[in-house]
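Structure record follows, encoded as structure tokens.
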Amino acid sequence: MKFSSWILIFLVCNLTVSTISAFRLSRSQPTERISGSAGDVLEDDPVGRLKVFVYELPSKYNKKILQKDPRCLTHMFAAEIYMQRFLLSSPVRTLNPEEADWFYVPVYTTCDLTPNGLPLPFKSPRMMRSAIQLIASNWPYWNRTEGADHFFVVPHDFGACFHYQEEKAIGRGILPLLQRATLVQTFGQRNHVCLKEGSITVPPYAPPQKMQSHLIPEKTPRSIFVYFRGLFYDVGNDPEGGYYARGARAAVWENFKDNPLFDISTEHPTTYYEDMQRAIFCLCPLGWAPWSPRLVEAVIFGCIPVIIADDIVLPFADAIPWEDIGVFVDEKDVPYLDTILTSIPPEVILRKQRLLANPSMKQAMLFPQPAQPGDAFHQVLNGLARKLPHERNVYLRPGEKLLNWTAGPVADLKPW
Amino acid sequence: MKLSVFRLSYWNRRGISFRSSIASLDPSFDGGFSGKSSIFWLVIHALCCLISLILGFRFSHLVLFFLFSTSVTNLYTTPFLSPGSGGVSQLLRLKPLETTSSTVKSSRVVVGRHGIRIRPWPHPNPIEVMRAHQLLVRVQKEQKSLYGVRSPKTVIAVTPTYVRTFQALHLTGVMHSLMLVPYDLVWIVVEAGGTTDETASFIAKSGLKTIHIGFDQKMPNTWEDRHKLESQMRLHALRRVRDDKLDGIVMFADDSNMHSMELFDEIQTVKWFGALSVGILAHSGHAEELSSLLMNQVKSKGKPSMPIQGPSCDSSQKLVGWHVLNTLPYAKKTAAFTNDKATLMPSKMEWSGLVLNSRLLWKEPVVDKPTWVKDLNLLDDSEEMDSPLSLLKDPSMVEPLGSCGRHVLLWWLRVEARADSKFPPGWIINSPLEITVPSKRTPWPDSSSDLTVAIKEAKSGQSATERRSGKPRGSKSKSSKTKQEPKSF
């Protein structure tokens, strides 16, 4: 009896010593765990939690389009291409559609590029419609649920509204055939027509190797207070200002162009990434659409993002507590940006930097090739897994029809 | 025509509902109307174009908007000040027509044209700027504590010096470098020929903790002897370190060297004995000689390279040898005397490329002192030491610094004036110079005669000096009134 109690005491002492040393180890790292509204889910592993079936579409929907213009692999809408490549070789993929929880339709709607490299969305509704007609006629799974367990990647400016102008996009609304499907898109704004309930917001694609190759030593002191490079006035489309960025970028320029704390200009320096690593705050204002790759760059380089876009929904908003990480400034408060930023207490700034230094945070914003655990692909799958199990109304009763196949502008009904 | 087509395409791009109201009015849309109405609209159109050209915004747009819109909600053309601190003036604020059109849920973000908000006093508030700088300092302090050196040690800099023409030049360089070092510093200055007030006052300006030691021998004239004396002076300083039991890292900051700030961060990582790479900027009084040497180098290797003294490692980052300057090409041409114009070569292993932990020197036993260090009492016996490497029994235990010698953190360049050169003490000229001679190219036109006169009179002696000092001043006042172009001789 006495001997076993001594053993117990010895074990307890060992445990406390080891936890103390573990605690000391974790204290030497300058990071904090990130847990959003869905809990501590950034590092979840989706394998085993869901099964995805990838439709085999004819190559005119994906491969041929990519062959026509390989620039699609490097621009900020490349997520749709890499998503398909990832799913094809991922362990969540299943070849048996009967056991699949989610169905993926690989169609590249954002790959019709102008000579300048900007995608034209005019043919995208027809392309999407034609793809859906194909899968509805060849497989029974679309009609079973009218698409409620299918997901699509639509990374364009306003998601499935398929237009780059906001008024036009609002006028068109989300493609009627996608009303029940889950959309994976970069666009996110609360109470907006083009953001469907239940969509998963992802970050825009930013080339991981390019960013990794521009890293500078971490002990380089951060000496720039606020950093921004980009347009303030879109002279080609909106010369007087007021439309572009809802006047917010122009307001930033007019108020802070002479302020020595603000390093802002329209130049394209070669040291853009290095400069971001030397700055404390990086402005991420809206442009024609509220999202931008600057958020991804700011997170990777440890620069606190200052998000100036009313009602924006940021990527993986349920997994990442953006309020704790970034600074949100209303568009009407832009003239007081310097007051707002200088009145943040230093402990808050240091905490934000610690959260940004968390490697799982940086990993969640990237689309690396090949996929790594915790990256954006896995976060998308985690998001899809959190939506399981499907509700009962996903499966339609026989004969029930909810989608209107002839809704939408007449031009969209033409075959592609 | 082009203008209207441009505006048409512009409106197309915007695609606003203005189109519906304007389409019926713009004469370029419909060609069917004829006669007076088309002329009337053309005139109105032209008038609006002119006004827009002058005023610079789409006046016609506004007029038509006023005339034909049904739901104008807000229009502010005058700036207004909101109550409270600071106001915001809005250039132009229009709400679009689509507030009535379909949005399922009401959003507080409206699409369309917004004003550009500018506050009336856009200049930065100085209190906020101060706060921003304090934030920067705090963030940088945190960065230093996270990624920089954990427990910085005192840097003990040993500098041998002596009073000479270029002493101020060299000492200023070293002093400023040491003043910028972010760690605690002790500066030991060993002066040949005993301590002088000149040197003492100079180093007192630095504000650093200094120890000024005198060494009772004068600097000799030959470079070889100078090197030997400097080694002895450094040994003397090391003895002082041992006697005072100074704790820290000893580095040799020769006053003619150039140090980078990363050097001081790098030497903090030394455990016992470290070696750095020193870039050798060999200097020659004959510029042509050196350039010919460089040309030879370029021909043979393709790139002029700077010779470097320092540790060399193999692929596993372990010390295997030393890079030492190959002095053979310069053997016959090295300077022997200080007045020699030939290339001055450094010694085989410069002291400044080596750093050591001061605990190596202490008499008392120290925890973890390595066994490959010789007995320190040798310091008292031997008066000569070529390089601190002779302190070690096993030179292979030296730690290579600066990513194994690949980073050059300091540069050696020995530039000295002639030993017999005269210079004003402290480089301050208190009294006017004895002889003033106008330069060859002078803006003062009358001084051409002065030039020849001056040369003649300089030869005659001092008696002419008072008169001379008056003349240039006189010509100066003359020329200040009249603008003259400089005459070329």
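The chains referred to below are lettered A, B, ... by the order of the sequence lines, with proteins before strands, and numbering in each begins at 1.
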#### Entry: Charged N-O contact under 4.0 Å between A:R172 and A:D412
yes
### Query
Among A:D258, A:I280, A:V226, A:I224, which has the most heavy-atom pairs under 4.5 Å with chain B?
A:I280
### Message
So that I can tick it off, tell me whether A:D338 and B:R119 are bridged by a salt bridge, with the cut-off set at under 4.0 angstrom between side-chain N and carboxylate O.
### Response
yes
### Engaged part of A:P260 at the chain B interface, taking heavy atoms whose separation is under 4.5 Å
side chain
### Message
Heavy-atom pairs under 4.5 Å with chain B - which of A:N255, A:I344, A:L261, A:L350 has more of them than the others?
### Response
A:N255
### Query
Relative to each other, are the rings of A:F281 and A:F225 parallel, tilted or perpendicular (30° and 60° limits)?
perpendicular
### Task
With a 4.5 angstrom heavy-atom cut-off, could you sort out which part of A:D333 is near chain B: side chain, backbone, both or neither?
neither
### Query
Tell me, side chain or backbone of B:H123 under 4.5 Å from chain A's heavy atoms, or both, or neither?
neither
### Query
In terms of heavy-atom proximity below 4.5 Å to chain B, should A:S343 be classed as side chain, backbone, both, or neither?
both
### Query
Below 4.0 angstrom, N of the basic side chain to O of the carboxylate: do A:E331 and B:R117 qualify?
no
### Query
Is it true that A:R351 and A:E347 have a side-chain N and a carboxylate O under 4.0 angstrom from each other?
no
### Message
Heavy-atom cut-off 4.5 Å, strictly under: side chain, backbone, both or neither for A:F262 against chain B?
### Response
neither
### Message
Between B:Q140 and chain A, with a heavy-atom cut-off of 4.5 Å, which part of the residue counts as in contact: side chain, backbone, both or neither?
### Response
side chain
### Choice from A:E166, A:K257, A:E218, A:R249 maximising heavy atom contacts with chain B below 4.5 Å
A:E218
### Query
Within a strict 4.5 Å, meaning less than it, do heavy atoms of the B:M251 and B:F264 side chains meet?
yes
### Task
Determine whether more than 12 heavy atoms belonging to other residues, nucleotides or ligands lie under 6.0 Å from atom NZ of A:K123.
no
